[in-house]
Amino acid sequence: MTTSAAQAHHSTVDITLEDIGHGGIAIGRAEGKAILARFGLPGERVRVALTEERARFARGDVIEVLGEPSPYRQAHPWPEAGPGGVGGADLGHVVFDYQHEWKTRVLTSTLRRIGGQALSDHLETQGIVPAVTALESDRANGGWASRTRIDVTVTAGRFGMFREGSREVLPITSMPLAVKEIAELGLWDGSYLTRLARSLGPLRDGQRVRVLAPSASPAAVSIGGRTFDAAAAECSPFAREEVHVGEETYRYRVRASGFWQVHREAPATLINLVTRAAGVEPGDHILELYAGAGLLTVPLARAVGATGRVESLEGARTAVEDARANLRPYPWARARTAAISARDIDDADILLADPPRSGLGIAAGRGAAAGQARRIVLVSCDPAALARDVAAMVEAGRSVESMRGADLFPNTHHFEVVTALR
Ligand SMILES: C[S@@+](CC[C@H](N)C(=O)[O-])C[C@H]1O[C@@H](n2cnc3c(N)ncnc32)[C@H](O)[C@@H]1O
């Protein structure tokens, strides 16, 4: 690895990396300061180009391995996302089989650091060993070509992504995390933009573009509220998704610009983890917070049956419209638009929440714990928020029954954890 032109002006520091932290960083020390370095691995002696210096810590990118590289290092398969490049694959330099160990270490240490000793002791008493597991389907190609949604930005007649930690858009020539249906659109050689410009006229710099490859409808591009097919002809704004779980098939319509889990196998994996954790019985009343277009609401509605009841709350009005369409076969399930707060925690047999990165929050966590729910299921995409939310519920008298992490974001530092409390 060598210094890129973009980093040549940064000062550098030589350190030995000793630990791993949340956010895709390996940690070392220099002159009493913690150095939080991307693209490093514990045990390596490295040169770090500093990108941010604070009183007690500094951040930077590893630009050279000075000694023996870690046995877990690989050449980054997507150099444009390497040091000084676009974000989006900050664990691309880590061999696939070590990425879930990395994430398990982050999960365990974050639970201890943010959740406190009381939470760690509680998990131990409950016999819970938190872990993040890789998806079987990712083993064959190391988790690349797995994303069905990517967001790009127009810059000077090309598609680009933001330089990590900056608002500068760098044009890109590939995006190997995307599934092959996206790769086949011709986004990077300019051919798709040429077709699109015939329908839409020239695109302005800074225009945000969503590219998607749904499971049950053709790949599409969503831009400025309009949706285009592979030939760049305007098409339906709705993507069709089909999720197969065991014998069941769940069908959804999802607005092309709306939220849907990005990994090809994420919808089925989450349905599996959540339904197992929730232990739904026919006739149950379920309250679901942050429901999106109803990915989890549909299987839960099927599981409670006509004698049960599901209420789902979601902030995005268009997602609620999709959820209502997806729930039409289950009139006992109702989707409502709400800016969710602790006030929305109501009594139910099962409370399910899949909040954004900020998590449930302490007030909502305490409210959930104090309610009558037989079981609370929390889906967390940020380990710090997870630790804070679960600690609040345990402190309020709940017990953790299960905690399972899944690597739904290979080659990045992100992962998802499903926790059940009773
Ligand atoms: C992680 S997604 C989960 C969606 C769904 N469970 C799924 O897997 O497709 C979180 C959802 O929370 C919604 N959301 C974020 N902040 C919100 C808020 N303050 N109030 C209500 N909904 C919110 C987003 O629109 C998004 O649909």
Side-chain angles (χ1 to χ4, degrees), residues 135 147-149 151 210 212 214-216 222 238-243 245 250-278 280 286-301 303 310-327 333-346 350-365 367-368 376-386 389 404-406 408-409 412 414-420:
L135 300 193
R147 266 184 193 232
T148 66
R149 264 68 178 172
D151 291 321
R210 158 75 55 86
L212 62 157
S215 55
S222 165
F238 297 114
R240 300 280 159 187
E241 297 286 352
E242 264 182 21
V243 185
V245 182
Y250 302 106
R251 293 190 174 80
Y252 305 83
R253 94 167 200 207
V254 190
R255 211 158 298 242
S257 54
F259 180 88
W260 188 253
Q261 298 289 339
V262 296
H263 191 291
R264 178 69 90 203
E265 293 303 319
T269 305
L270 275 183
I271 290 176
N272 252 320
L273 288 173
V274 166
T275 49
R276 253 167 70 191
V280 178
I286 298 180
L287 173 62
E288 183 190 5
L289 307 178
Y290 307 98
L295 169 68
L296 303 170
T297 329
V298 169
L300 293 174
V310 182
E311 286 174 88
S312 82
L313 269 56
E314 158 62 40
R317 185 183 46 79
T318 50
V320 173
E321 286 168 12
D322 288 345
R324 286 181 181 148
N326 297 328
L327 290 168
R334 198 165 68 107
R336 192 154 57 83
T337 312
I340 296 166
S341 73
R343 284 192 313 275
D344 293 298
I345 311 273
D346 219 340
I350 293 168
L351 174 66
L352 164 66
D354 183 3
R357 252 172 242 309
S358 49
L360 202 53
I362 291 182
I376 302 167
V377 179
L378 179 65
V379 183
S380 311
C381 55
D382 180 83
L386 157 78
D389 292 346
R404 291 197 174 83
L408 303 186
F409 305 91
T412 80
H414 299 289
F415 54 92
E416 204 87 8
V417 179
V418 176
T419 308

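Predicted model only: the values in this text are computed from it and were never measured. Both ligands and their constituent atoms are indexed starting at 1 by order of listing.
Under a 3.5 Å cut-off, the side chain of Glu314 and the backbone N or O of Ala316 do form a donor-acceptor pair. Using modelled atom types, one side-chain atom of Thr148 and one backbone atom of Val262 make a donor-acceptor pair closer than 3.5 Å.
The protein heavy atom nearest to atom 18 (C) of ligand 1 is Tyr290 CE2, 3.8 Å. The protein non-hydrogen atom at the shortest distance from atom 25 (O) of ligand 1 is Glu314 OE2, 2.6 Å. For atom 8 (O) of ligand 1, the nearest non-hydrogen atom of the protein is Gln261 NE2, 2.8 Å. Protein heavy atom at the shortest distance from atom 6 (N) of ligand 1 is Asp354 OD2, 2.8 Å.
Taking CG from Leu212 and CH2 from Trp260, the interatomic distance works out to 12.0 Å, rounded to the nearest 0.5 Å. Separating the CD atom in Glu416 from the OG1 atom in Thr269 is a distance of 10.0 Å, to the nearest 0.5 Å. The OG1 atom of Thr412 lies 6.0 Å from the CZ atom of Arg147; values are rounded to the nearest 0.5 Å. Note: Leu352 CG to Leu289 CG = 7.5 Å, rounded to the nearest 0.5 Å.
For ligand 1, the atoms closer than 4.0 angstrom to any heavy atom of Ala339 are 20 (N).
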I'd like to know whether Thr297 forms a side chain to side chain contact (heavy atoms under 4.5 Å, CB included) with Asn326, so could you lay out the CA-CA distance, the side-chain angles of the two residues, the decisive distance to 0.1 Å, and finally the verdict. CA-CA 9 Å; Thr297 329; Asn326 297 328; over 6 Å; no
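Here's the thing with Glu288: none of its N/O atoms is less than 3.5 angstrom from an N/O atom of ligand 1. At under 3.5 Å, a nitrogen or oxygen of Gly315, whether backbone or side chain, sits near a nitrogen or oxygen of ligand 1. Residue contacts with ligand 1: Ile340 is placed with a nitrogen or oxygen under 3.5 Å of a nitrogen or oxygen of the ligand (distance criterion only).
Taking a 4.0 Å cut-off on heavy atoms, Ala338 registers as neighbouring ligand 1. Using a 4.0 Å heavy-atom cutoff, Phe259 is listed among the residues neighbouring ligand 1. Residue contacts with ligand 1 include Pro356, since one or more of its heavy atoms lies under 4.0 Å from the ligand.
By the criterion of a heavy-atom distance under 4.0 Å, neither the backbone nor the side chain of Ala319 is placed next to ligand 1.
Residue Glu241 is tested with Arg255, Arg149, Arg253, Arg264 for a salt bridge (charged side-chain N to carboxylate O under 4.0 Å, His left out); the sole match is Arg149.
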